[in-house]
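Notes follow once the structure below has been shown.
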Amino acid sequence: MELSKPVTDYFRLVDTQKAALDRLGIKTVRDLLHHFPTRYEIAGEGAEIAGLVSGQEASVVGTLEKMEAKKGWKSRIPMTEGYLRDNTGRIKCRWFNQPYISKMYAEGTLVKATGKVTGSEGKLYLANPQLEKVSVTESALFEKEKVINADSGEEAHELFAIYPESRGTTSLWMRHAVAKFLTQEVLDQVEDPIPADLLKSYHLPTLRTALVWVHTPHKLAQAEAARKRFAFEEVFMIQLERGRERALQAKEKSFAVDAPEPEVQKFIDDFPFDATDAQIAAIEAILTDMRSGRPMSRLLEGDVGSGKTAVAATAAYAAVRTRPEGQKNGTLQVAYMAPTEILAKQHFESFIDYFEHYPINIGLITGSGCFKFPSKINKDKFTPISRTQLLKWVAGGEIPVLIGTHALIQKSVAFKHLALVVIDEQHRFGTNQRRMLARKESRLPHLLSMTATPIPRTLALTVYGDLDLTLLDQMPPGRKPIITEIVKPAERPKAYAKMHEQLKEGRQAYVICPRIDEPDPDKAFALQAKSVTAEAKRLKKDIFPEYEIEILHSKMTPKEKDDVMARFSKHEVDILVATSVVEVGVNVPNATMIFIEGAERFGLSQLHQLRGRVVRSNHQAYCFVCPESRGESTLKRLKALTTAKNGFELAEADLLQRGPGELSGRKQWGISDIGMEALKNLKLVEAARQEARQLIKKDEALARHPLLSRALAARASQMHLE
Ligand code: ADP
Ligand code: MG
């Protein structure tokens, strides 16, 4: 058997299994061995229903019965009720605000249910249990391994690995597959990319040992040591990548942006407000970078509302006030990329305001149309123009500032002297993308990346290892701190009363419906769309009949979304019921309330970002956080929202008590679950960063570390595929 050959060379698979492995990105034997368990169980750990007591957190394997979507008879909360049965009895299960559970799990499904035993003696139920489907053989295994274990008394059988499940693969199947390949013959082919001296100084097992330990540990300590090694490896690799990128950038040339200081000062003085100290410091750091002629790579991180646009506008101003080298006319150019059309348009309008006293052309390019400011006929307005015309002016340098969505980075867009790229809320924008944007230009444009996504320090050190960091850690004065209230189900009427009061005063509100964790994204979107629609109907009928209510969710077309947002902006709509698609940067100052349903399904930093939607004006803003579960721990966790001073604190808290989906590493950052674990450990991250930088300093091309070099290349091509 060969490590780099496809699994299918050695294993006969049915189609669903093939599809499942495909989805998991497992092709070769090596991939399979790098598919790690999520946790370990001690055989026979599941509880029996007859023995459950109130207050206990329990995992029970059993069959579902009488699954039914209902409404709470007093609260009218939509929910699912059913029963779970095992050999010893049955217990009721309740899922509040999750009527769809009844559709996802048919009667008779064998599941493992994990949740809190609630209620009084004789009326016990499992509250919002998490369900995992279990195969029949697997449930037999629970019992079998218990027996083996009791007979032999051997520790070896006590732990078994639990792998993430999906359609086509069960944990048990994965365990067998791994066992088949975890042989001496295969292990002998394993080469460790991490230099031996590093492993030694951090007491980490070799790759070979770690593979055995992670899949078939005899003791938890072995599994932990193995996981620590893989965590170190992942962070180390990312740091190497970023370190190399940084070293490469340092050698590149860029434009020396050198606008006259008094003019930049005047631009800042013309803001309709006084810049905060944090804004001034950020502007200084950026101007210093851009003056040097080496490409700037800077991340500007600041909470929603901290005023990043003004900083970006000033950087843009400095660029457009600079002549291209050796030329008597023309200016350097700026590209500003936003994640959505709505946002691109908003930035376009803000830029028009910031540049009010400066006669420059500003362009907007999105998938659905192009615009130019000012219009020929009306100097205060913008006007639609053809794409061809816009691109011609951009290529000729007549439009110095171009704002847009991803449409900006298409091949047909070429600048004359692109000196600065500003990007908003894009998690990674690598050197290659930058070079592509520069087209034939031999100089790399400066990069200003902006984000309001509060992330923990360790994550920033890792994913943004190639960027210099500036924090905008100060809010503009005069903002009233948002009032955040945790709303228990019984307190809903009070919260709605407050909303009524504010709506009457002419304010607007968002109602956010919960994220739905469903392995199939299409289904999740459908369920979310359904819950948004249902909630909007309920609010219109029972709570806010006199107000205009609209919905916004990810299943709608961009045009539909834009229309709804436009109507909300114009206050033709009072209440917008939405999924978390409104999370990023939408600016409607008159919307001062946000009511978040199913709040425990969001991470704290995500909740923080959501409530950032309503701190856009000087009106008092309110955030109502309404969890589905009444659990003490949920309430305690959410309380952090009322006490934390900023988003960064919440991000740290999220990381430490990370539950499913709270910091979705793979999707957002390209970091595996094990890598995310590593980020809880600042020392480990700093060590990996330190070692990576040292290594690059001594051997930038990694000529003396061929295994590392190859591993990096493999990582890069894998990331590219994803
Ligand atoms: P961010 O992009 O960081 O979320 P914006 O740049 O959109 O924030 O700014 C939010 C709002 O605050 C805008 O309406 C902007 O005009 C205003 N603003 C920015 N800086 C200041 C300041 N120093 N003082 C008062 N208002 C400000
Ligand atoms: Mg912004």
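Keep in mind that what you see is a predicted model, and the values were worked out from it rather than measured. Counting convention: from 1, in listed order, for ligands and their atoms alike.
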Centre of Phe371's six-membered ring, under 6.0 Å away, within 45 degrees of the axis: is that where NZ or CZ of Lys345 sits? yes
Candidate pair Arg321 and Thr331, rule side-chain hydrogen bond (donor to acceptor under 3.5 Å, both in side chains), full reasoning: CA-CA 6 Å; Arg321 279 293 303 151; Thr331 79; over 6 Å; no
What orientation do Phe351 and Tyr336 show, parallel under 30°, tilted 30 to 60°, or perpendicular over 60°? perpendicular
Could you label the plane-to-plane angle of the Tyr622 and Phe624 rings as parallel, tilted or perpendicular, counting under 30° as parallel and over 60° as perpendicular? parallel
I'd like to know whether the aromatic ring centres of Phe355 and Phe267 sit less than 6.0 Å apart in this structure. yes
Please confirm whether the ring centroid of Phe271 lies under 6.0 Å from the ring centroid of Tyr354. yes
From the options [options], select the one whose nearest heavy atom is closest to [atom].
atom                    : options                        : answer
atom 20 (N) of ligand 1 : Gln279, Arg613, Glu301         : Gln279
atom 6 (O) of ligand 1  : Val311, Asp274, Leu343, Thr309 : Thr309
atom 3 (O) of ligand 1  : Lys308, Met450, Met475, Gln474 : Lys308

Counting heavy atoms only, which part of Leu472 comes closer than 4.0 Å to ligand 1: side chain, backbone, both or neither? neither
Using heavy atoms and a 4.0 Å limit, tell me yes or no: is Ala275 in contact with ligand 1? yes
Does Ala452 come within less than 4.0 angstrom of ligand 1, counting non-hydrogen atoms of the residue? no
Look only at interatomic distance and state if Gly307 has a nitrogen or oxygen under 3.5 Å from any nitrogen or oxygen of ligand 1. yes
Enumerate the atoms of ligand 1 whose separation from the nearest heavy atom of Thr276 is less than 4.0 angstrom. 23 (N)
